[in-house]
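Please read the structure below before turning to the comments.
Throughout, residue positions are numbered sequentially from 1 according to the sequence presented.
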Amino acid sequence: MSADRPLAERAATAERAIRDRHLRRVWGLPGTVLGRSGWPPSADQRVHWHWNYWWQAHLLDTLVDAQLRDPSPDRLKLIDRFVASLRLRNFGKWINDYYDDIAWLGLALQRVGHLGLDVRGGLEAISSRLREGWTDDAGGGIWWRVGDRFKNAPANGPAAIFHAREGATQHARGLTDWMTERLVDPATGLVWDGLRVDSGELVKHIFTYCQGVYLGACLELSEMDRVERTIHAVAEHVAPNGVIRGQEGGDGGLFAGILARYLALAAPQLPSGVARDLVLRSAEACWSGATATPHGPLFSADWATPAPSLPLAPDAPERDLSVQISAWMLLEAAATLDHRI
């Protein structure tokens, strides 16, 4: 894609592309809207049978980013419809059995509430459910899902951010301290995935997602030494040549965008320009590597590599809504750091 557009305009272009390709009615019902999980959609994606609760939470969060960048009454109405549609598709409930999923929706709803929409019922249900996830097993923290025996960064990180933002600072600190004590590699500063409580096995996969949620939790609690250490670990280990690495499609498609969101939030609070540079270099690579389509840019699952040309292969990760949201999230994050806007 052309490199001469200001960052806010790039974010707006990404928004239009993703809304055009992915946003559709739920079950054909008037006044509803969610994001189809794939493009071009499969039969089950056309009717939102395959719909990914937590992808929708991030789509909602990124719509809020766009609303803050360029306030619009029409988009605010869309956000309101989206919230109602998500609850409808979740069969009238705000929550599911995955603590990480509901924490992400909670974070999005908190920001929706700041736009003036009434989402108090959802926030109360989510806050209550997240608190139920805490146990003293393995020293604290919450489970990944109901009935599970795995505690991980993907659940504890966003839950800590959520609780910090609702004013439950002590609870947020307990979750964050548990991650620091159990999941941060003392050698590299990177955050491991999780802990199998019964066996004591540490699952040492390194996901960009985990770095992002831990960074975000530490940032909310003003633990700036931890924030800086995590950012430098990211720069050294998971951002070759300054570009955050991709982690394919599916759920992994969202991982890099989540990290970019929290790097951008940290950047203005730090004397070092490392976080800002990571976001802006990643955004430049993402934008320049996009493929033009009749519906706007199609972004690569790995920002350091150009997106494939059309038609897409059936297994191309770029078909996934997660991949496209992640890129849009990155471009919105970069726009907040552009001194020209």
Side-chain donor/acceptor pairs under 3.5 Å, residues 257-265, sequence neighbours excluded:
| residue | atom | partner | partner atom | Å |
| --- | --- | --- | --- | --- |
| R261 | NH1 | D65 | OD1 | 3.1 |
| R261 | NH1 | D65 | OD2 | 3.2 |
| R261 | NH2 | D65 | OD2 | 2.8 |

Nearest 0.5 Å please: distance from the [atom1] atom of [X] over to the [atom2] atom of [Y].
X	Y	atom1	atom2	value
Y99	K151	OH	NZ	10.0 Å
D61	Q110	CG	CD	10.0 Å
L330	C286	CG	SG	5.0 Å
L29	S85	CG	OG	8.5 Å
R81	L76	CZ	CG	12.0 Å
F162	L109	CZ	CG	8.0 Å

With sequence neighbours excluded, what pairs up with [X] under the side-chain hydrogen bond (donor to acceptor under 3.5 Å, both in side chains) test?
X	value
H295	D20
W143	none
D148	R145

Subject >> Any residue meeting ring-ring contact (aromatic ring centres under 6.0 Å, His included) with H163, in chain and number order, not counting sequence neighbours >> reply: H171
**OP:** Mind checking ring-ring contact (aromatic ring centres under 6.0 Å, His included) for W144 and listing every partner two or more places apart, or none if nothing turns up?
**Re:** Y98
Among all residues two or more places apart in sequence or in another chain, which pass the side chain to side chain contact (heavy atoms under 4.5 Å, CB included) test with [X]?
X	value
R226	T176, D177, T180, Y214, C218, E223
K77	none
D80	L117

Original post:
Parallel under 30°, tilted from 30 to 60°, perpendicular over 60°: which one fits the rings of W287 and F299?
Top reply: tilted
**OP:** Would you please classify the geometry between the Y53 ring and the W51 ring as parallel, tilted or perpendicular, with 30° and 60° separating the classes?
**Re:** perpendicular
Subject >> H22, Q324, Q45, R319 screened by side chain to side chain contact (heavy atoms under 4.5 Å, CB included) with W39, the one that passes >> reply: H22
Are the side chains of [Y] and [X] in contact, using a 4.5 Å heavy-atom criterion?
X	Y	answer
F255	I244	no
R111	L60	no
N152	V203	no

Subject >> Result of checking R16, E15, E9, R10 against T13 for side chain to side chain donor-acceptor pair (under 3.5 Å) >> reply: R16
**OP:** For residues 294-314, pull every pair meeting salt bridge (charged side-chain N to carboxylate O under 4.0 Å, His left out), keeping only residues two or more places apart or in separate chains.
**Re:** none
Side chains of [X] and [Y], donor plus acceptor under 3.5 Å:
X	Y	result
T208	Q247	yes
S42	D44	yes
S272	E228	no

Original post:
Does D320 use its side chain to pair, donor to acceptor, with the backbone of G250 at less than 3.5 Å?
Top reply: yes
**OP:** Would you indicate whether E248, at its atom CD, is surrounded by more than 12 heavy atoms from other residues, nucleotides or ligands within a distance under 6.0 Å?
**Re:** no
Original post:
With sequence neighbours excluded, what pairs up with D225 under the salt bridge (Lys or Arg N to Asp or Glu O under 4.0 Å) test?
Top reply: none
Subject >> Minimum-distance pair of heavy atoms, taken over all atoms of E220 and I161 >> reply: CG-CG2, 3.9 Å
Subject >> NZ/NE/NH1/NH2 to OD/OE distance under 4.0 Å, D137 and R149 >> reply: yes
Original post:
Residues sharing W49's hydrophobic cluster, by side-chain heavy-atom contacts under 4.5 Å among ILVMFWY, directly or via others?
Top reply: V47
